[in-house]
Amino acid sequence: MMKSFRIGSLFGIPIKLDLTFLLVLPLFAYLIGVQIEPVVDILNTSMGAGIDVDALTTEWWLPYLVGLIAAIGLFVGVVLHELGHSLTAQRYGFPIDSITLWLLGGIAALSEMPEDWRQELNIAIAGPIVSILVGIGSYGLFLLTPESFDGARFVLGYLAVLNIVLAGFNMIPAFPMDGGRVLRALLARNTPYAKATQQAASVGKLFAILMGLFGLLQFNIIFIALAFFIYIAASSEAQQVTMKAAFQDVTVGDIMTPAKDLHTVGPETSVAALIQRMFTERHTGYPVIDRSGFEGERLVGLVTLSDAREIDPVERDAFTVEEVMTTDLKTISPESDAMTAIERMREHNIGRLLVVDDGDLIGLISRSDVMTAFDIVQKSGSVSPNRQPRTAD
Ligand SMILES: [Zn+2]
């Protein structure tokens with residue numbers, strides 16, 4: 001996420017402003033100011049506002065001041081919308097890190113997402129409900145404001161319309177819109193959560209494609225950008241949830257290549273011999289085991305193809321594995337869950353982790369182990385206990 005700073009807190013939830021928001025606020029103020037006449041027309045015809053547009057344009061800057069107040073009001077509405085989500089989530093015991101205002105509105109950062117469909121439904125729908133209430137409230141205040149206060153009536157009438165539009169827009173059934181979550185919650189009533197996510201994501205992608213096509217036909221860059229944004233969000237939400245659901249209760253021990261199936265090398269092996277073995281066995285990573293000590297076998301390192309390749313081909317006979325191997329070993333315990341292994345590999349930007357229990361090497365888990373297991377889980381619904389030994393690649 002981009003740079004943001006805190007402006008205060010409500011109900012113990014920090015409210016933050018993203019720097020992109022500071023760009024968009026004057027832009028909104030300007031756009032509302034420029035369009036003050038057509039908007040007054042709309043308000044006058046739709047709710048009989050009786051606003052005198054001349055009173056709002058007596059000074060050149062007056063429309064922009066009204067625009068700025070309306071823009072601030074709009075973002076207050078967005079904060080209230082996000083508070084609706086946040087307070088409902090808090091009621092179910094989900095901690096809220098912050099509410100951030102940025103380019104495209106607001107984000108309530110939930111540290112985790114509920115998987116109970118009722119909770120998700122209530123959290124997702126609370127935002128649009130708040131927006132509708134804010135819209136109705138603005139309309140009520142609009143009715144109470146004397147006719148002579150043209151500026152106030154303009155801002156209140158404008159906020160009444162836009163908060164209702166905001167609620168409607170958010171109910172589009174596509175992630176990351178609230179409507180996408182509502183759809184998933186409704187699907188999850190009688191479908192497993194991961195499958196409901198995939199279905200909701202498909203609807204979201206379809207929506208994004210239609211919106212993108214519409215944008216192209218209309219040469220509307222905003223629609224194209226929004227379509228792209230929705231498409232990416234739907235895909236990543238689906239992938240994350242599917243992966244998490246697939247690996248629920250799957251431990252590293254379940255999917256690692258156990259030590260007995262591992263191919264290992266000794267530290268004294270020459271780099272030339274190692275590369276020859278990699279070629280014939282089609283493995284690109286070997287734990288290095290020292291068998292010369294008194295304690296029997298001892299894990300001393302890990303050697304990969306890229307380590308071996310650092311030696312010039314003509315010198316590979318003269319170098320040993322010990323000289324090129326990695327000794328800064330990244331390990332994981334067999335009880336850790338598979339998602340943790342993926343995260344740790346990603347974090348260190350490495351392809352494999354040694355599985356260590358009480359200091360003993362009991363296996364190795366690689367990215368391809370994880371992907372193979374993921375494939376199996378998706379196709380069969382569980383990790384087969386009688387699986388074939390896999391390569392350490
Ligand atoms: Zn929302």
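For ligands, and for the atoms within them, numbers begin at 1 and follow the listed sequence. Heavy-atom basis, side chains included; hydrogens, waters and symmetry copies ignored.
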Name, closest N/O/S atom of [X] to the Zn ion (ligand 1):
X      : result
His85  : NE2
His81  : NE2
Asp178 : OD2

Indicate yes or no for a side-chain donor-acceptor contact from Asp337 to the backbone of Thr340 under 3.5 Å, with no hydrogens or angles considered.
->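 Looks like yes, one N/O pair under 3.5 Å.
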Give a yes or no answer on whether the side chain of Ser336 reaches the backbone of Ile332 with a donor-acceptor pair at less than 3.5 Å.
->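 Such a contact is absent between Ser336 side chain and Ile332 backbone.
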Determine whether the side chains of His81 and Asn163 contain a donor N or O and an acceptor N or O closer than 3.5 Å.
->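 No pair is found: no donor N or O on one side chain lies under 3.5 Å from an acceptor on the other.
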Using distance alone, with no hydrogens and no angle criterion, decide if Gln199 and Ser202 have a side-chain donor and acceptor under 3.5 Å apart.
->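 No, no side-chain donor-acceptor pair sits under 3.5 Å.
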Check whether any N, O or S atom of Glu82, backbone or side chain, sits closer than 2.8 Å to the Zn ion (ligand 1).
->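 Looking at Glu82, which is the residue asked about, there is no N, O or S atom under 2.8 Å from the Zn ion (ligand 1).
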